[in-house]
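Contents: one structure, followed by commentary.
Chain naming here is simple, since letters A, B, ... match the order of the sequence lines and numbering starts at 1 in each.
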Amino acid sequence: MTETTDSRIRVERYDPIAIEPRWQARWGELGLHDTDLDDTSKPKYYLLTMYPYPSGDLHIGHWYIVTPSDALARYRRMHGYNVFFPIGFDAFGLPAENAAIRNGGHPFTWTMSNIENMRRQFKTMGATFAWKNEVVTADPSYYRWNQWLFLQFLKAGLAYRATSAVDWCPNDGTLAREQVEGTDRHCWRCGALVEKRDLAQWFLKTTAYADELLRFDGIDWPEPIRIQQTNWIGRSEGAEIDFAVAADDHQPGGDTLRVFTTRPDTLFGATFMVLAPEHPLVERLTDPAHLAEVAAYIAQARRRTEIDRLSTDREKTGVAIGASAINPVNGERIPIFIADYVLSGYGTGAIMAVPAHDERDFAFATTFGLPIRRVIAAEGVDAVAPLDMAYIAHAAGDRLVNSGPFDGLSAAEGNAAIVALLAETGAAEPKVTYRLHDWLISRQRYWGTPIPVIHCPTDGIVPVPDEQLPVRLPETVDYRGSGENPLDRDAAFLDVTCPVCDGPARRETDTLDTFIDSSWYWFRYLSPHDDDAPVDGPMVARWTPVDQYTGGAEHAVMHLMYSRFFTKAMADIGLMTEREPFKRLFNQGQILGADGERMSKSRGNVQDPDELVQRYGADTVRLFLMFMGPWDQGGPWSPTGIGGVHRFLNRVWTLVIDAHGREPGDPESGSLPAGESETVARATIRGAAHRTLRDVSLDYDAFRFNTMVAKLMELANTLFRYRGTSVAGGPEWDEAIRLLLLMLAPAAPHVTDELWSRRLSAAGAPWASIHTQSWPAVDVAATAEATREVPVQINGKLRDKVTVATDVDAATLEAVVLASPKVVAALAGRTPLRVIHAGGGKLVNIVVRDGSSLEIA
RNA sequence: GCCGGGGUGGCGGAAUGGCAGACGCACCUGACUCAAAAUCAGGCGAUCGCAAGGUCGUGCGGGUUCGAAUCCCGCCCCCGGUACCA
């Protein structure tokens, strides 16, 4: 650019690339973000953002998650809180292993280089993380405590081993759900067909806490999340009822088949019984004549349950096994089937089928021509008339029918009476069942926390003694290009001596689910370098629960449920008294690629933030991400509009640096709006600033960052109108600029600190960071306006607006309204039936009768 | 299917019973400039009208209300989660 006579050129331009690194370095020197956890002179505020997975797909989504949280941290600091805003990395998991298998190398190397890059990026965005408290879960100093906690849970009876099926590839070993592809269920790497394999695996007893997890006492979580967790736990009250197996030619009978039902009142309507294909008694009870068919069905079901999960409403399938059960309440013999709509993992894996009152049983009975007997009927309904669909809904007048001695009872009464009767002989007991399963924590993989137990031929399962923790992952790993767990063939890792008998023993090679890592990491942030204990009790008591947790809604059930479970379990082994981890929760939305899909390298839709930062500066990117839309919404990424935000920061810069400048392109520039006195102009500026402060504070508190930015833009627009006029640079102007910078500081921290320091130095005052200033107080008197505009409606349609004194009384307002020429014209002589002063005179609505005006006049 | 979220200008969005479209993008016009860019100012839902102004308009259909994007009933579509839970 060449030198011209234009006065604007001499004014220094906003150059984010030059100023941002300077301020980041300065904050680092000052230790602005290090939290003194021992400082109790200020109220504490624990702000937690879900720690990221160091995937290598570093994208704008990470900024979208962190930027508003960082603004919130800064905002809270300005309110005098001792804010703890830590960060860490969820560093174990599959992608690191996949990269290692593909490219050779070690998952650790891959992970740490990604982490290094993410640290750098988080620093370029100006995030005020407490880096001294950083936690990396793949570090032995972290995962040793996973192991310690596991052993404590084992001791407390909260961890156990049981057999469970996994998806198994003959070449690559155990596969995760997302590694099984296609309807034929093949391995994603080698294409081999995946089979089910039963393995002994470790579980945590999450179900022991099911009822407590259903209570959300003292925590302020969004309703949708609570609903999702409640549904996930899926508590059902009912009863377990024993049916005896009837004697047949091929088996003597007498076995007990226990079913779970929520509707014991419908027991007389049970016309057949269905077992899950995997039910343990199927083999013994099956009539040899049915064996081939049954075996074929079982084989088919093993594939089918996984293949057609999508088709809930597909035709019911099943086969009879050629045996019968005896209904305990009336001695009736009913046929036994196996069908894949009964799940082995829920209830007892067996049901009594009541087709008249259950949709699925109805469909099955219809397909197989089985009897359908109504046992619940509304008053006046014919008890023997055929049903064309299952009758599920309860009506108040419903009564039991076709139910022997229980006829005429209500469903609830029948329920209680039938269970009570059968309970006398031990054939029934009330039972609560949960959909929630115990947490399967075994993973047959290398890159995770080794489960610290030893298998000894003599002593069985032996916990690794505490003093031998951590059980470290071997530093060399040989994947041999396959997904099989390399620990299984690592002799140095495998071969150990039993801590009990000193005999040869074998180390457990399963590692822990990475959800274990994320189930307690925020406690560890409080004492990340403590080698003596997983958590620091007094610190935990002082700092937890977390005041505000932010993260994606996709974690509604898994992570957020496991964290609650862990907190309760940790409390029960005496580590803390608090039983809930997060007091408040906010779920931000997710930024998708421009194509509306999740951002990932393989899709090629990743937006790299570095590019944008180099072009516009971090402050612009931060502000744009907040301005895009409501934070809980997310959406496809589009950089359209980022220029507008950049323009706004340029305008702020100009306002501060060059209050007296004028616009050559605007003939009005430099003069007050037509007819406006200086006094009015000063009041306008002051009022605008304080009203903005009032509104912006509320927006920050409610996480409405998009409207927060919009209101700051409005204020800047107002100020711009007065730039170069006689009131620019005056005390009201100065105050407005001060407020504008303070309000903007949490969101755009670099440019505001730069401008703040320039103002201080211009005023000869000593430098102090804007980020150590207090949030300003609203002058309520300044927000008041002398006049206001009142919209006037006639029959709900806007016809005019009148300007009146703010404190106008209702009678005067009505008189002014009715005298308005436009209102008179619109009324056309009709007499108002009613005049409604809505919202204390905020709006006036005149109601007139439609039709002819003459009859009223 | 069930659960949760949503549907507003060309686009992102604002307004949660009271002025629909704040703020911004894109676009148009003007100023500045030799010119362009940048910058500044103004305009910008649709439709009828020279204008003043009118009419219509928040997925669709009904309802409640003086007044509905907002509340209620029925339906359609999109996104996320889940998968026959007895």
[X] side chain near [N] phosphate (N/O to OP1/OP2, under 4.0 Å):
{"X": "A/R360", "N": "B/A86", "answer": "no"}
{"X": "A/R13", "N": "B/U39", "answer": "no"}
{"X": "A/Y346", "N": "B/A86", "answer": "yes"}

Pairing check on [N]: which nucleotide meets the Watson-Crick or G-U wobble criteria with it, both distances under 3.5 Å?
{"N": "B/A51", "value": "none"}
{"N": "B/C27", "value": "B/G43"}
{"N": "B/C2", "value": "B/G81"}
{"N": "B/U33", "value": "none"}
{"N": "B/G18", "value": "B/C66"}

In whole Å, measure the gap between the [atom1] atoms of [N] and [M] for me.
{"N": "B/G5", "M": "B/A68", "atom1": "P", "value": "25 Å"}
{"N": "B/G18", "M": "B/A69", "atom1": "C1'", "value": "13 Å"}
{"N": "B/G10", "M": "B/A46", "atom1": "C1'", "value": "13 Å"}
{"N": "B/G62", "M": "B/C11", "atom1": "P", "value": "26 Å"}
{"N": "B/C72", "M": "B/A51", "atom1": "P", "value": "43 Å"}
{"N": "B/C40", "M": "B/G24", "atom1": "P", "value": "11 Å"}
{"N": "B/C50", "M": "B/G7", "atom1": "C1'", "value": "39 Å"}
{"N": "B/G43", "M": "B/C25", "atom1": "C1'", "value": "16 Å"}

| query | Between A/W637 and A/Q607, does a side-chain hydrogen bond (donor to acceptor under 3.5 Å, both in side chains) hold up when you go through it step by step? | reply | CA-CA 8 Å; A/W637 166 256; A/Q607 170 67 53; 3.1 Å; yes
| said: Judged by each residue's nearest nucleotide on RNA chain B, which is more toward the 5′ side, A/S236 or A/R799? | reply: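 The residue closer to the strand's 5' end, by nearest nucleotide, is A/R799.
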Considering every strand and a 4.0 Å limit on heavy-atom distances, what is the contact class for [X]: base, sugar-phosphate, or nothing?
{"X": "A/V342", "answer": "base"}
{"X": "A/F720", "answer": "sugar-phosphate"}
{"X": "A/K822", "answer": "sugar-phosphate"}

| Pairing of A/E237 and A/K431 as salt bridge, 4.0 angstrom limit |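 Salt bridge between A/E237 and A/K431, a charged N being under 4.0 Å from a carboxylate O: no.
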| task | May I ask you to decide whether A/R263 forms a salt bridge with A/D358, counting only side-chain N to carboxylate O separations under 4.0 Å? | result |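 A salt bridge is absent here (no side-chain N lies under 4.0 Å from a carboxylate O).
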| field | Sequence-aligned protein contact record of nucleotides 14-28 of chain B, with B where the base is within under 4.0 Å of a protein heavy atom and S where only the sugar-phosphate is | value | S---BB--BBSS---
Whole-Å distance between [N] [atom2] and [X] [atom1]?
{"X": "A/D800", "N": "B/A52", "atom1": "CG", "atom2": "C1'", "result": "14 Å"}
{"X": "A/H437", "N": "B/U82", "atom1": "NE2", "atom2": "C1'", "result": "14 Å"}
{"X": "A/D340", "N": "B/A86", "atom1": "CG", "atom2": "P", "result": "17 Å"}
{"X": "A/R435", "N": "B/A83", "atom1": "CZ", "atom2": "C1'", "result": "8 Å"}
{"X": "A/D632", "N": "B/G13", "atom1": "CG", "atom2": "C1'", "result": "13 Å"}
{"X": "A/R226", "N": "B/G4", "atom1": "CZ", "atom2": "P", "result": "13 Å"}
{"X": "A/E240", "N": "B/C85", "atom1": "CD", "atom2": "P", "result": "18 Å"}

| query | Counting only N and O atoms by type, is there a donor-acceptor contact under 3.5 Å from the side chain of A/E789 to the main-chain atoms of A/K801? | reply |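 Here the side-chain-to-backbone pair does not exist.
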For a quick test of your reading: what N or O donor-acceptor pairs under 3.5 Å do the side chains of residues 342-352 of chain A make, sequence neighbours left out?
{"unit_1": "A/Y346", "atom_1": "OH", "unit_2": "A/S236", "atom_2": "OG", "d": "3.4"}
{"unit_1": "A/T348", "atom_1": "OG1", "unit_2": "A/R258", "atom_2": "O", "d": "2.6"}
{"unit_1": "A/T348", "atom_1": "OG1", "unit_2": "A/A350", "atom_2": "N", "d": "3.4"}
{"unit_1": "A/T348", "atom_1": "OG1", "unit_2": "A/A350", "atom_2": "O", "d": "3.3"}

Is a side-chain donor-acceptor pair under 3.5 Å present for [Y] with [X]?
{"X": "A/Y297", "Y": "A/T317", "value": "yes"}
{"X": "A/D695", "Y": "A/Y700", "value": "no"}
{"X": "A/R13", "Y": "A/N650", "value": "no"}

| Assigned glycosidic conformation for B/G9 [threshold 90° from 0] |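 B/G9: syn glycosidic orientation.
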| message | So if I apply the side chain to side chain contact (heavy atoms under 4.5 Å, CB included) rule between A/R788 and each of A/T803, A/V802, A/T806, which one comes out positive? | response |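 That would be A/T806.
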